[in-house]
Amino acid sequence: MSRSFLSLTALAREEFQEILTRALDGKRNKAAWGKPLTDKCVALFFEKPSTRTRISFEVAVVELGGYPLILTQNDLQLSRGEEISDTARVMARYVNAIMARVKSHSTLESLAAHARIPVINGLSDKFHPCQALADFLTLKENGIGKGAKLVFVGDGSSNVAHSLLIGSAHYGCEIVIATPENLLPSADVLTIAARLGGQVTITQNVLQAAKDADVLYTDVWVSMGEEAKAEQKKENLKKFQLNEEVLSYAKKSAIILHCLPAHKGEEITEAVFESPMSRIFDQAENRLHTQKAVLEFFLK
Ligand code: CP
Ligand code: NVA
């Protein structure tokens, strides 16, 4: 049975570190990758829009010697009611792995249960593990290591916050989530983070959270699929913004991260987004390097 990558719990701590090390080596020396995906086809399936995941995965597969097959929901008979379990079994007869961005995490679980090939999570409503790997690579290349303080300001129940919680436990850094009381991370994710030895604090006090932070991180207030409750979420999260006052509480050496796309003026101000402390575009670039390491690891 092949291994899938639906969340960071699929990796042991050592494997998580190994992927980051490999990604950093490959970033510094492109020739080190070789062509581990020669003669391999990877389906890249999207139920939701994407810029970074879509482009970085396609480029990663090509640069590793493989062939990427881009599929959207509307291209497939799924749009006419074919079952995901049947789709998974058919795809597995043609391709070597599936990267999927899905509305519901259960779709990934069903794909992984029925396709006897690796399934990689390119974002679900619950987790965004490929994003978190790029985030921790950005910490690593900035010399921010174990024991650092990573502060996430925004929707604590989001896919990005969930993956940062598990990633922080693997990475060995402290994580503080500043979020409203009605947007707490899901209890099962907090249980996993605790089991992995994670050092987690949840607070409603953004300024206190930001004190002496090494990393300030935010994500959109309204995730894809939440359009119907957009106004309610924006109202709920309006105090949970990365702005210059919040930044003034962090360490002078702190870096600013955002998974993108950004809604400037909502979760982050233009000034903070453009500040010299921002590593947001390095972080976006790192999606390419960590995904190469993920493809190599799960397709070996
Ligand atoms: N951060 C991220 O996953 O971006 P896309 O939605 O553009 O893929
Ligand atoms: N939480 C965001 C992340 C986008 C990369 C969303 O799901 O839309």
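In each ligand, atom 1 is the first atom listed, and ligand 1 is the first ligand listed.
Backbone and side-chain nitrogen or oxygen atoms of R101 are examined, and none is located within less than 3.5 angstrom of a nitrogen or oxygen of ligand 2. Taking any N or O of P261, backbone or side chain, none lies under 3.5 Å from an N or O belonging to ligand 2. Considering both main-chain and side-chain atoms, S223 comes within under 3.5 Å of ligand 2 through a nitrogen or oxygen pair.
For atom 8 (O) of ligand 2, the nearest non-hydrogen atom of the protein is M224 N, 2.8 Å. Scanning the protein for heavy atoms near atom 7 (O) of ligand 2, the closest one is N159 ND2, 2.8 Å. Atom 4 (C) of ligand 2 has as its closest protein heavy atom L123 CD1, 3.9 Å.
A donor and an acceptor atom, one from each side chain of N159 and D125, are nowhere located under 3.5 Å apart. Between the side chains of S56 and Q291, at least one donor N or O sits under 3.5 Å from an acceptor N or O. Checked by atom type, the side-chain pair N286/E141 shows a donor-acceptor distance below 3.5 Å.
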Report task. May I have the step-by-step check of side chain to side chain donor-acceptor pair (under 3.5 Å) for D155 and S157, ending in yes or no? Result -> CA-CA 5 Å; D155 180 357; S157 68; 2.6 Å; yes
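With a 4.0 Å heavy-atom cut-off, ligand 2 is reached by no atom of D155.
Put simply, the side chain of S163 does not reach to within 4.5 Å of the side chain of Q131, judged on heavy atoms. Using a 4.5 Å heavy-atom cutoff, the side chains of V102 and F46 are not in contact.
Residue contact annotation: L260 has a non-hydrogen atom under 4.0 Å from ligand 2.
Salt-bridge annotation for R22 and E18: absent, with no side-chain N of the basic residue lying under 4.0 Å from a carboxylate O of the acidic one.
Under a cutoff of 6.0 Å and an axis angle of 45°, K300 and F297 form a cation-pi pair.
Applying the ring pair (Phe, Tyr, Trp, His ring centres under 6.0 Å) rule to pairs touching residues 232-270 yields nothing, sequence neighbours excluded.
Closer than 4.0 angstrom to ligand 1 lie heavy atoms from S50, T51, R52, T53, R101, H128, Q131, C259, L260, R287.
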